Amino acid sequence: MSGPNGMLYGGDEIGALVFDPGHHSLRVGYAQEDTPKADIPAVIGVGPSTHIPDAEEKVPDGNITQSGNELRHYIDVTEIHVPRPGMEIQTYMKDGQVDNWDLFEKMLDYCYAKVIRSPSEHHPALFTEAVWTTRPAREKLAELLFEKYQAPAFFLVKNAVLAAFANGKSTALVVDAGASQTSAVPVIDGYAIVSAAVRSPLGGDHLAAQAKNMLNNMHIQMLPLYSIQSKEVIRERERARYTLKTLPAGLTQSWQQYMLKKQYEDFYHCVAQVSESSYDERTAASVPGVHYEFPGGYHQDFGPERFKLTECLFEQNLGAPHLVCSAAAACDADARPALWGAVVACGGLANLAGWLERVGRELAARAPSSHRLKTHAAPSPPERRFAAWLGGSILASIGSFQQMWISSQEYDEGGKGQLERKCP
Amino acid sequence: MADILDILDIEQPGTTEVTRDSILHGDKMKKKYVTAKAVRRPEGMHREVFALLYNDNKDLPPLLPTDTGKAYKQTKAKLGMRKARKWVWAPFTNPARKDNAVFYHWKRKSDETKEYPFAQFNKQVSIPSYSESEYNQYLKSEDWSQAETDHLMDLCQRFDLRFIVIHDRWDRAAFRDRSVEDLKERYYNICGILSKVKTNPWSNTVTMVNGEKRVYHYDAEHERKRKEQLRRLFDRTQEQIDEEQMLLAELKKIEARKRERERKTQDLQKLISRADSGNGLPTCQSAVQTEGISTPSAVSSSIARRHDRKLHKKKLASQQRPIRAVETVTVEWSGIKFPETRGAGVWLRSQRMKLPPGVGQRKTKAIEQELRLMNIDIAPTPSEAICKHFNELRSDLALALDLKNALTSCEFELQALRHQYEALNPGKTLTIPPSICNTSGDGDVKPLSEIIDVVGSPGALNNTI
């Protein structure tokens with residue numbers, strides 16, 4: 001903490017936890033670490049408790065929390081991905097903020113019991129939130145943390161600010177390409193400019209839907225992985241030969257949809273690529289194809305289609321470059337040069353091959369020539385995906401941040417009304 | 001000393017070497033030196049090799065490598081000199097917090113009593129405060145209500161005077177939207193008024209200069225204009241930027257052209273004035289000079305145009321004849337301008353007869369040739385009169401040579417045009433009137449004015465200028 005010559009260095013770690021809830025997953029872990037302890041899908045399987053797990057899907061009881069009305073909640077990949085009759089997939093997120101608080105509580109219970117494995121009253125909790133999170137949602141979260149979980153301290157930070165911190169900037173224009181939406185938020189001196197934040201619904205889910213569309217048009221059947229018992233090795237573009245598993249009856253529609261979406265996500269992560277400039281059949285055809293094998297065993301090369309697929313992310317008025325331009329234009333003229341000089345890209349979709357280059361190119365074409373444009377992104381894919389969490393991890397372990405927490409004492413005295421004041 | 005002797009291969013004399021050792025313990029060293037003499041360096045062996053074999057105590061080099069150092073025998077590594085200090089997971093209170101919240105962190109057991117070190121970074125901007133009566137007395141404004149002012153001061157405190165953020169978080173539901181400049185203007189206004197009426201100044205807006213309070217004055221009007229300009233600059237479209245670039249390039253071009261034109265006019269003026277002052281040559285010389293000096297300039301092209309006209313009149317050329325063909329008729333600068341006596345001090349008069357450096361080698365040779373033909377000494381005795389006349393003569397000779405050259409080229413041009421004409425109009429022959437036909441073959445010399453008229457009459461030239 002302090003060196004021999006009285007200099008202060010490093011941070012100060014007080015055992016804080018960082019939660020980064022997103023549409024795709026919830027990241028949770030200790031502050032000062034470089035990756036989250038867990039990356040849990042942001043969905044919860046809700047099924048009847050009457051189902052008795054048989055031998056092959058035996059799980060420790062703790063993973064399954066039981067609620068009053070005889071429903072079981074299945075959390076995390078190992079639980080969700082098991083075919084269970086009557087298990088509905090539900091999400092607690094809506095429009096970038098927590099919507100279903102009962103389900104979210106289940107998720108937090110799971111985090112404390114199974115990931116952190118330590119009582120919640122020992123750990124201050126730092127939560128990330130979307131820029132447009134409403135005041136009731138913020139206050140509800142504070143209430144939950146202090147009253148149910150007895151957290152010693154709590155803090156809320158906007159995820160764009162944290163993503164900027166993770167990239168070593170306090171002033172940045174953060175482009176977050178997430179699962180449900182893409183947003184561009186200007187951050188000045190560590191404060192998000194709420195009025196200038198813009199977003200569009202083009203995200204990973206949209207891309208998955210497009211992938212589904214494309215495969216349907218190509219008459220390729222995407223079978224969910226869980227339904228395949230065995231498959232044979234076949235030649236390229238040959239008809240798939242597989243045997244189906246006998247599945248329990250009564251699998252819900254929402255669960256099947258969720259599992260299929262996972263497949264489409266895998267497909268676009270493996271196959272899709274963003275072309276350098278807007279889609280051109282000839283240049284796309286000159287790039288070697290990518291081979292993909294579907295769960296059923298069918299496999300083929302994907303050539304220009306994989307470039308065409310991603311074009312939906314760069315629509316004229318909804319794509320990331322347009323968002324960045326309009327966010328910058330909405331800011332004060334004095335702040336614009338600094339913002340253009342630090343465009344920070346983060347989010348899971350920013351890992352798509354060529355995405356960053358395309359955004360950089362389009363921005364260079366659109367940015368006013370009087371500004372120096374610089375685009376930053378963390379080099380490794382996990383760092384891009386977990387940018388907001390990483391920023392939270394950094395922030396919560398800085399010594400001078402420790403005075404910012406809303407402590408339980410303060411909460412008891414001032415109530416949740418002070419949240420707006422303390423967490424800008 | 002011995003080294004030098006060794007290098008020079010001179011036998012060492014019996015004198016002792018003066019080394020540090022010999023001075024410190026003299027006779028002992030001396031004895032050693034005497035024994036050293038016993039082992040003599042074999043003839044032809046290098047000194048360095050010898051020194052390797054026989055060191056001071058005259059031991060023979062060891063046959064086996066020996067290792068007697070303690071280097072590898074050290075059994076225990078000594079890493080730290082002190083005992084490890086203990087770390088404990090201990091509670092702490094942060095003096096920067098007002099609520100005395102207790103958090104836990106790792107710290108050295110020895111540091112347990114110390115204050116939280118990061119508290120020193122708790123820096124806050126000091127924002128002026130005012131009571132209600134003070135507000136009513138001094139700060140009342142038509143534009144701002146007290147609630148709005150309070151809200152502004154509160155935001156200033158919360159966001160440490162980051163006005164862009166304050167503007168963003170401005171409560172637009174309760175108060176009307178204001179620009180960043182409006183907010184700044186109000187804030188600095190309040191600071192100014194309060195620093196005047198209150199005794200304790202605020203560090204960030206008031207500075208003390210020579211014991212006198214200086215309040216930061218915010219020029220909102222100027223800021224608004226600046227911001228508007230900045231906004232316009234940033235909001236330019238690509239077409240506007242391109243147009244601006246194009247216009248700037250055009251402006252540069254126009255200015256360059258203007259400068260060029262001015263330069264030429266100046267040159268021309270100079271020539272005219274030189275011609276007008278009259279240096280003994282007929283006025284028509286200036287025309288030749290003019291063309292010679294500014295060869296590719298507008299003047300020469302105007303002359304060329306006149307050429308053209310003349311040739312047209314005389315039906316010497318067809319319409320398609322390229323103008324460039326005429327422009328090739330260039331006459332070099334003629335006559336020699338001898339420099340005035342330069343500088344103070346004594347100088348030889350023969351210096352005045354020296355050709356200036358501007359005159360080329362070929363011209364010098366040609367002049368000398370001419371002088372030889374006239375049986376004139378190349379370097380006559382430089383009396384005052386001879387000097388003057390000799391220089392004039394050489395200047396005239398140079399002019400004559402240039403004119404001769406011009407004539408030849410014009411003649412060539414004329415012939416070339418004739419051939420061109422005949423080639424374009426087969427069957428026709430062009431008869432060149434004898435008045436413009438060079439008759440150099442006959443040897444009879446035309447009057448000077450007639451020759452020079454090839455390039456246009458001086459009167460006409462002067463008119464155009």
Side-chain angles (χ1 to χ4, degrees), chain A residues 1-2 6-9 11-16 122-124 152-153 171 186-197 328-337 340 365-371 397-414 420-422 424, chain B residues 87 89 91-108 111 114 116-123 154-155 157-170 172 177 179-181 223 226-238 240-242 244-245:
Chain A
M1 196 187 332
S2 55
M7 286 247 296
L8 270 177
Y9 59 84
D12 186 22
E13 198 253 322
I14 62 162
H122 287 180
H123 305 286
T171 299
V187 175
I188 291 168
D189 284 344
Y191 293 99
I193 303 299
V194 180
S195 56
C331 278
D332 194 85
D334 280 344
R336 278 189 229 170
W340 279 112
R366 286 167 185 239
S369 57
S370 43
H371 299 311
S397 57
I398 290 175
S400 47
F401 172 74
Q402 310 308 341
Q403 65 182 68
M404 311 277 284
W405 296 102
I406 302 175
S407 66
S408 52
Q409 291 99 311
E410 277 176 316
Y411 180 78
D412 291 341
E413 285 163 25
E420 288 293 305
R421 281 195 74 84
K422 299 275 286 186
Chain B
W87 287 85
W89 180 251
F92 71 98
T93 51
N94 189 344
R97 297 186 66 95
K98 292 176 193 121
D99 59 344
N100 294 319
V102 178
F103 296 129
Y104 289 79
H105 69 168
W106 286 108
K107 63 167 148 185
R108 285 237 158 87
D111 289 348
K114 279 187 191 162
Y116 188 61
F118 291 100
Q120 58 177 295
F121 296 117
N122 183 28
K123 296 277 186 277
D154 176 43
L155 286 177
Q157 184 74 65
R158 274 169 62 190
F159 296 110
D160 297 331
L161 294 179
R162 290 179 179 93
F163 280 99
I164 295 174
V165 182
I166 292 170
H167 176 252
D168 179 56
R169 304 297 162 90
W170 187 252
R172 288 179 179 77
D177 199 1
S179 70
V180 177
E181 286 72 37
E223 282 293 296
R226 185 184 68 83
K227 199 65 80 62
E228 175 62 21
Q229 267 176 345
L230 209 57
R231 203 185 54 72
R232 279 192 200 162
L233 180 72
F234 293 160
D235 287 352
R236 287 178 306 170
T237 60
Q238 193 56 46
Q240 283 169 322
I241 292 167
D242 289 345
E244 196 184 297
Q245 292 291 335

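Note that the structure is predicted; figures quoted are calculated from it, not measured.
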With no hydrogens and no angle check, is any side-chain donor or acceptor of R97(B) less than 3.5 Å from a backbone partner on Q402(A)?
yes
Straight-line distance of Y191(A) OH to D160(B) CG, nearest 0.5 Å
5.5 Å
Got a second to check how far R336(A)'s CZ is from R231(B)'s CZ, nearest 0.5 Å?
7.5 Å
I need the residue from G15(A), A192(A), A16(A), A365(A) with the largest number of non-hydrogen atom pairs under 4.5 Å to chain B.
A192(A)
Is the number of heavy atoms from other residues, nucleotides or ligands within 6.0 Å of OH (Y104(B)) greater than 12?
no
Which atoms of V165(B) approach chain A - backbone, side chain, both or neither, heavy atom under 4.5 Å:
both
As a quick check of understanding, evaluate side chain to side chain contact (heavy atoms under 4.5 Å, CB included) for I14(A) and F92(B), giving each step before the final call.
CA-CA 10 Å; I14(A) 62 162; F92(B) 71 98; 3.7 Å; yes
Quick one: NZ on K98(B) to CD on Q403(A), what's the gap to the nearest 0.5 Å?
9.0 Å
Which bit of A328(A) comes within less than 4.5 Å of chain B, counting heavy atoms only: side chain, backbone, both or neither?
neither
Among T237(B), I241(B), V180(B), N122(B), who wins on heavy-atom pairs under 4.5 Å with chain A?
N122(B)
Are more than 12 heavy atoms from other residues, nucleotides or ligands located less than 6.0 Å from atom CZ of R232(B)?
no
Sub-4.5 Å side-chain heavy-atom contact between Y116(B) and D12(A):
yes
What part of R421(A) is in contact with chain B, defined as an atom under 4.5 angstrom from a non-hydrogen atom: side chain, backbone, both or neither?
both
All heavy atoms of A335(A) vs all of I164(B), minimum pair found to be CB-CD1, 3.8 Å
Can you measure from NE2 (H167(B)) to SG (C331(A)) and round to the nearest 0.5 angstrom?
10.5 Å
Which bit of S400(A) is near chain B, if near means a heavy-atom gap under 4.5 Å: side chain, backbone, both or neither?
both
Scanning both residues in full, the closest heavy-atom pair of P424(A) with F159(B) reads CB-CE2, 3.6 Å
Would you sort out whether D332(A) and F163(B) count as a side chain to side chain contact (heavy atoms under 4.5 Å, CB included), showing the intermediate values?
CA-CA 10 Å; D332(A) 194 85; F163(B) 280 99; over 6 Å; no
Who wins among W89(B), F234(B), F103(B) for the most heavy-atom pairs under 4.5 Å with chain A?
F234(B)
Heavy-atom distances under 4.5 Å only: say whether D99(B) touches chain A with side chain, backbone, both or neither.
both
Applying a strict 4.5 Å limit to non-hydrogen atoms, the region of Q409(A) in contact with chain B is side chain
Separation between OG1 (T171(A)) and CZ (R162(B)), nearest 0.5 Å, reads 8.5 Å
Check each atom of H122(A) against the heavy atoms of chain B and say whether the ones under 4.5 Å are side chain, backbone, both or neither.
neither
Under 4.5 Å, counting heavy-atom pairs only, tell me which of E13(A), H371(A), K422(A) racks up the most with chain B.
H371(A)
